[in-house]
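A quick note: this is a predicted structure, and the numbers were derived from the prediction, not measured.
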Amino acid sequence: MKRRLSFQVKLFLALVCFSCLLLVLLGTILFHFIDRQLHHDLGQRARVQASQIALMPGLAAMVAARDIPGIARLIQPLRAESDASYIVIGDTQEQHLYHSESPERINLPMIGGDNAEVLKGKTIISVRQGGIGVSLRSKAPIFNAQHQVIGIVSVGYLTSYIANINARILWQSGLYGVALLLLLFIFSWLFTRNLKKQMFRLEPKDIAQLVLQQRALLEAMYEGVFAVNQEKQLILINRAAREMLDIRQSEKDLIGKPLEDVLQTSPGFLSQRYASVSAGSHDQIAVLNQREVIVNRVAIEVEPGVESGWVYSFRDKNDINTLSSQLSQIKRYADNLRIMRHEQLNWTATLVGLLQMKHYDEAIRYIQVQSEGAQRVLDFVSARFVSPALCGLLLGKYVSAREKGIELLFDPACQLTRMPAALNETELMSVIGNLLDNAVDATLNAPVPAPVELYISDRNQELLIEVADRGCGVDDAMKPHIFRQGFSSKPERENDIVGTEHGIGLFLVAGYIDKAGGSIEIADNTPQGTIFSVFIPNGLKHDPST
C-alpha cells in the first residue's frame, strides 16, 4: 500500500517550493534591474570619457594632420588609466587613426554604421558590433578651431566584459540567496513542526472527523451543553441546550456572541465562584433563562494549568427534584417505619412485662404517658406549621432523635403560616432536615448528650430558622469551608453507606439558601455547641394545604 505524506511534510514541501519560486522570481527581477542599471552607468561613463578625450588640447590638430604616432602618444597614458575595453580615434572619412586594442586596424574603416549623428556634432551611446566584438560604446565629435567636426572619439565596453561583471554580482547574490534559502528551510520545518504540535499531531482529515463526531455527540446528548472562551463569548451550544432554554436562534447565529447577550444567568454565574481557576465544579444550582438547572463546569486547557475557556453542561432541576423527592419520601417512610417498629417493640415488651408481673396500674399509666407525649408533639407541629409535609418531617426527626437518645425541643414561639416564595416545599424540608441531622450527629459526639433546639418563625419580613445543639462545636478554621461540597468533619467508616453522604447535606443547604437570596450564619452556643441561623426573604405564596 502506498504511504501518503503527512500533513507536516506536505506543508514543509509546499513552503520550500514556494520559497524557491519566490527567490528565483526575485533573483530574475533583481538581475534584470542590475543589468539595466549597469548598462546605463557604463554608457554614461563611456560618454564622459569620450567627451573628455575629444576636448584634449592638441588632439584636434593631430587629427587634422593625421599624425598617427602623435595621437598614439597622446592617448596611450589615458588608456592605461581607463577601465574601458577600448578607445578608438577616427577621422571624418570613418577611418581608424588610433585603436588601443588592434593597431592593425589603423587606416581601416570603422564598423557599426552609427557615425552619421556624430559627424553632425552629436554625442551618442549605442550597442554595435565593432572590430573586436559587440560593445556598449559612446562616440563624441572632435571639433577644430572653427567648430567643425574633423574626427570621432569612440570609448566602448565589450558586452563580454559587462557579462563578467553581471556574473560576479550574480555569484555573490547567489551565495546570499542560498543562505537565505537555508534559513527559509529551517523556518519552514520549525513552523510546520510547531503547527503540527498545536494540532495535537493530528492530520486535517482526523481533525475534521473529530469535529463531525463532536457535533453528532453534542446533538445526541440529552443534557444541554454550551462552551465559552476566556472573553465569555459563546463558542459552542447544542440543540438540547437551545430547546431547554427556549432559544430560537440557530447555533450559527449564536456563536461569537457574549454569553450575557444569549442567556439570562443567575447572579455570580460567571464570577469567581463559578469560573475560578480550578479543576471544575459539579452540581451547582443556577438559573438560566429563568429556569432552574443543575450545572457542571469543566475547564478547557490547551496546556496544563492554562485555561482557554469552559464547558458547561446542565440538566433541568425539576427532573432532579422529582427523583429526589420520590427517593426522600421512600427513605423517610422507611426510616419512620423502622423507628416506629423499634419503639413499638420496646413498648410492647415493656407492657408485656408489666402485665406478666400483674402490675396492671403501672401498665395503664405507662400507656397514658407514652400516648400523651406523642400526641403533644403531634398537636404542636400540626397547629404551628402550615405544611403537612413539613409536619411529617418534623415528627419523623423527633422520633428518630429520641431513638438515638437525643431530645428534639421545639421553641414555643414556632410558627409557619405561609411558605416562602423563594423556596418550594421540598427545598425547605431539605434545609430543615439537613440542619437537624447535622445537629443530632454533633450532639451524639458530645460527652453528655443534650437536647437539640429548633426555632422556625415567619413573623417578620423574613423566614428565620435556628437550630442549636450542644455538641462538639465547629472550629473557627473550619467555618469558611463547612458548606463546601465534599467537606466533612465526620470520620469515614469503611463499608458504611451513610458515610458516602458526608459533605453533601450542608452543601445542599447553602445552595438552596443562596438561590433563594438568603443567608446563613454560624455562631457558638453557650457553653458549647453550635447555632445555625438561616434568613430567607419572605414573600407571599399560596398555602400548600389549600
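Side-chain contact, D253 with S250: a donor N or O sits under 3.5 Å from an acceptor N or O. There is no side-chain donor-acceptor pair under 3.5 Å between D524 and T530. When only modelled atom types and interatomic distance are considered, Q415 and S457 share no side-chain donor-acceptor pair under 3.5 Å.
Closest approach of R470 to A446, counting heavy atoms only: O-CB, 3.7 Å.
Atom CD in E231 sits 5.0 Å away from atom CG in N229 (nearest 0.5 Å). Here the CD1 atom belonging to I432 is positioned 4.0 Å from the CG atom belonging to L428, to the nearest 0.5 angstrom. Separating the CG atom in N460 from the CG atom in L464 is a distance of 8.0 Å, to the nearest 0.5 Å.
Heavy-atom contacts from other residues, nucleotides or ligands closer than 6.0 Å to CZ of R193 number 12 or fewer.
A salt bridge is absent between R239 and E251; no separation between the charged side-chain nitrogens and carboxylate oxygens falls under 4.0 Å. Salt-bridge annotation for K397 and D437: present, with a side-chain N of the basic residue lying under 4.0 Å from a carboxylate O of the acidic one.
The aromatic rings of F12 and W189 lie perpendicular to each other, with more than 60° between the two planes, well past the 30° mark.
In this structure, L236 and V225 have side chains that are in contact, with non-hydrogen atoms separated by less than 4.5 Å.
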